[in-house]
Amino acid sequence: FLLIFLALLVKLFQPPNILLIIFILAAFKVYDINNDGFITRDDLIENLKLMVGDNFTEEQISLIATQTLETYDLDKDGKISPNEFNEVHS
């Protein structure tokens, strides 16, 4: 329902970057596995395991998750908020 509403707003007002915002929020929802409104280290590790399967070691996956948090977690609270995710992608 929310995506339909947002698509309607885009059609009515056509702001230049609303499609990018919708795409970024949709991507955020994919990474937020437990749907708590944040992307945590556990969310990142689960996503990475799904993406790479057995091609990476646990240590490699852990390192990627750590580096991702360092990049996206702007307030250094150990989780990535939608605003932080959007800020890095904007």
Side-chain angles (χ1 to χ4, degrees):
F1 176 74
L2 178 60
L3 288 178
I4 294 170
F5 175 72
L6 291 173
L8 179 60
L9 286 177
V10 169
K11 193 165 184 94
L12 290 174
F13 300 106
Q14 297 188 4
N17 61 354
I18 192 74
L19 290 177
L20 177 61
I21 293 169
I22 291 170
F23 176 76
I24 290 170
L25 289 174
F28 181 88
K29 296 291 276 179
V30 169
Y31 286 101
D32 179 17
I33 289 180
N34 62 2
N35 203 27
D36 66 353
F38 297 96
I39 300 172
T40 63
R41 189 170 195 284
D42 290 341
D43 291 330
L44 291 170
I45 288 172
E46 283 299 313
N47 275 292
L48 286 164
K49 286 180 179 179
L50 290 171
M51 288 190 273
V52 302
D54 295 332
N55 295 314
F56 284 35
T57 66
E58 292 287 329
E59 292 81 22
Q60 290 171 316
I61 290 172
S62 179
L63 179 61
I64 294 168
T66 299
Q67 290 173 338
T68 302
L69 270 177
E70 287 175 3
T71 301
Y72 284 83
D73 182 17
L74 302 176
D75 64 6
K76 305 301 179 203
D77 65 352
K79 57 191 175 187
I80 303 166
S81 70
N83 288 340
E84 291 168 324
F85 193 80
N86 183 43
E87 189 72 28
V88 173
H89 286 284
S90 296

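Everything numeric here is computed off the predicted structure, so don't read it as measured data.
The side chain to side chain contact (heavy atoms under 4.5 Å, CB included) check on L63 picks up Q67, with sequence neighbours excluded. In this view, N35 and K29, D32 satisfy the side chain to side chain contact (heavy atoms under 4.5 Å, CB included) rule, not counting sequence neighbours.
Counting only distance, with no hydrogens or angles, the side chain of T66 and the backbone of S62 share a donor-acceptor pair below 3.5 Å.
Rounded to the nearest 0.5 Å, atoms CD1 (I39) and CD (E46) are 14.0 Å apart. To the nearest 0.5 angstrom, L44 atom CG is 10.5 Å from I64 atom CD1.
Listed by first and then second residue, the side-chain hydrogen bond (donor to acceptor under 3.5 Å, both in side chains) pairs involving residues 68-79 are Y72-H89 (not counting sequence neighbours). Applying the ring pair (Phe, Tyr, Trp, His ring centres under 6.0 Å) test to pairs two or more places apart or on separate chains, none has a residue in residues 34-68.
Counting all heavy atoms, side chain and backbone alike, P82 lies closest to G37 at CD-O, 3.3 Å.
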Could you pull out every donor-acceptor pair under 3.5 Å between side chains of residues 47-54 and any protein atom, sequence neighbours left out?
from : atom 1 : to  : atom 2 : distance (Å)
N47  : ND2    : Y31 : O      : 3.0
N47  : ND2    : D43 : O      : 2.9

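Residues I33 and F85 do not share a hydrophobic cluster, defined by chaining ILVMFWY side chains whose heavy atoms lie under 4.5 Å apart.
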